Amino acid sequence: MKHTANTALEWLMRAGYGARGVVYLIVGGIALFAAINGGEAEGTSGALEFMIRQPFGVILLAITAAGLFSYTLWRLVDGVMDLEDEGDDAEGYANRLGQIMSGLTHAALGISALLILIKGSEDTGGGGSGAENWSATLMQHPIGRLVVIAAGITTLSVAIYLFYKSWAAAHRKDIIRTDMAEMLEPAVRFGLAAHGFVLLIVGGLILWAGISADADKAAGLGEALQILETQPFGRTLLALTGAGLCGFAVYCFVMARYRIVPKLAGDTLKTLASPID
């Protein structure tokens, strides 16, 4: 019975990473296309709307939504049960809280996918970016600015963590050693750094929106990419970032295929971080 439960958890994880990879592959691909041919880059919600306009788009988007909710459930169970073996000290609890927050973020993206399925490819944002909308809503409450500032700091912390993860190759301990996983490693590390770079912009803008009490200054992933496009050498920056987000999609796909769960895998599997015999 325990083995069946473990297998179900692993499938939730793999479906979740796969869906996440599809979303970021589209975001990165649209950014690359915009850099080469002109036009606007899109964020994750734009990627979902792009999906539904494709042949069999409803089916693809429904599968992606299911995958995003799978990722949410996986991260909630992961954080609560400490399947990553983070421990019960302050750092361990902080990491587990981060896992839960990641799950809730992807739940919001899954809900966006469901809304698009219900309404079609119409605008579901109600005007402005998603970050602007929720920032404006929060700032109507007494502690809203503090929540927005905390969200900005959290996003910046995630960005810094992704830079560290890329530099230290911390993900290698969770990936089964295979020739394919090793071959894709440069793309994975580039993708982690690129995602961190974009989140650095997003987090900075959200933090500034909270400090200045101006929700219009908040921005999501799509707006961050569009800001990059307006800078000197903007198309080059956008192309590199788009390629990096495609690399982050590769990271997600590698995790979907080769990731282990420390408390479920045992000590027999060799990972990319294991000594080579």
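Everything numeric in this text was worked out from a predicted model, so none of it was measured.
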Grab the two heavy atoms, one from [X] and one from [Y], that are nearest each other, plus how far apart they are.
X	Y	result
G29	C246	N-SG, 3.6 Å
V202	A224	CG2-CB, 3.7 Å
L199	T155	O-CG2, 3.6 Å
A187	V250	CB-CG1, 4.3 Å
Y164	A170	CE2-CB, 4.4 Å
D88	Y93	O-CE1, 3.0 Å

Is the shortest side-chain heavy-atom distance between [X] and [Y] below 4.5 Å?
X	Y	value
I176	K270	no
T72	T105	no
V27	F248	no
R172	T271	no
L245	L225	yes
F197	F163	yes
W74	V261	yes

Going by side chain to side chain contact (heavy atoms under 4.5 Å, CB included), D78 matches just one of R96, Q99, E86. Which one?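 So the option named by the test is Q99.
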Matching residue for L12 among L76, V77, L73 - test: side chain to side chain contact (heavy atoms under 4.5 Å, CB included):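 Answer to the side chain to side chain contact (heavy atoms under 4.5 Å, CB included) test with L12 among L76, V77, L73: L73.
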With rounding to the nearest 0.5 Å, note down the distance linking [atom1] in [X] to [atom2] in [Y].
X	Y	atom1	atom2	value
R177	I260	CZ	CD1	12.0 Å
Q231	L237	CD	CG	7.5 Å
M255	H171	CE	NE2	8.0 Å
L61	L117	CG	CG	4.0 Å
M51	I63	CE	CD1	10.5 Å
S102	R75	OG	CZ	5.5 Å

Are W167 and L192 close enough, and set up right, to give a side-chain contact (heavy atoms from CB on, under 4.5 Å), and what steps lead you there? CA-CA 9 Å; W167 175 74; L192 286 168; over 6 Å; no
So that I can tick it off, tell me whether E84 and R259 are bridged by a salt bridge, with the cut-off set at under 4.0 angstrom between side-chain N and carboxylate O.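 Result for this pair is yes, salt bridge flagged.
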Counting only heavy atoms not in [X] (residues, nucleotides, ligands), do more than 12 fall under 6.0 Å from its [atom1]?
X	atom1	value
D89	CG	yes
R257	CZ	no
Y258	OH	yes

Shared ILVMFWY cluster between [X] and [Y], side chains joined below 4.5 angstrom?
X	Y	result
F253	F190	no
L115	L60	yes
I211	I201	yes
L97	I149	no
F33	V198	no

Please confirm whether the ring centroid of Y251 lies under 6.0 Å from the ring centroid of H195.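 No.
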For Y71 and Y17, I'd like to know if the aromatic rings sit close, meaning centre-to-centre distance below 6.0 Å.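 Between Y17 and Y71, which both carry aromatic rings, the centre distance is below 6.0 Å.
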Look at the side chain of S70 and the backbone N and O of A66, then say whether any donor-acceptor pair between them is shorter than 3.5 Å.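 A pair under 3.5 Å: yes.
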Step-by-step side-chain contact (heavy atoms from CB on, under 4.5 Å) determination, L114 to F69: CA-CA 11 Å; L114 287 181; F69 286 122; 3.6 Å; yes
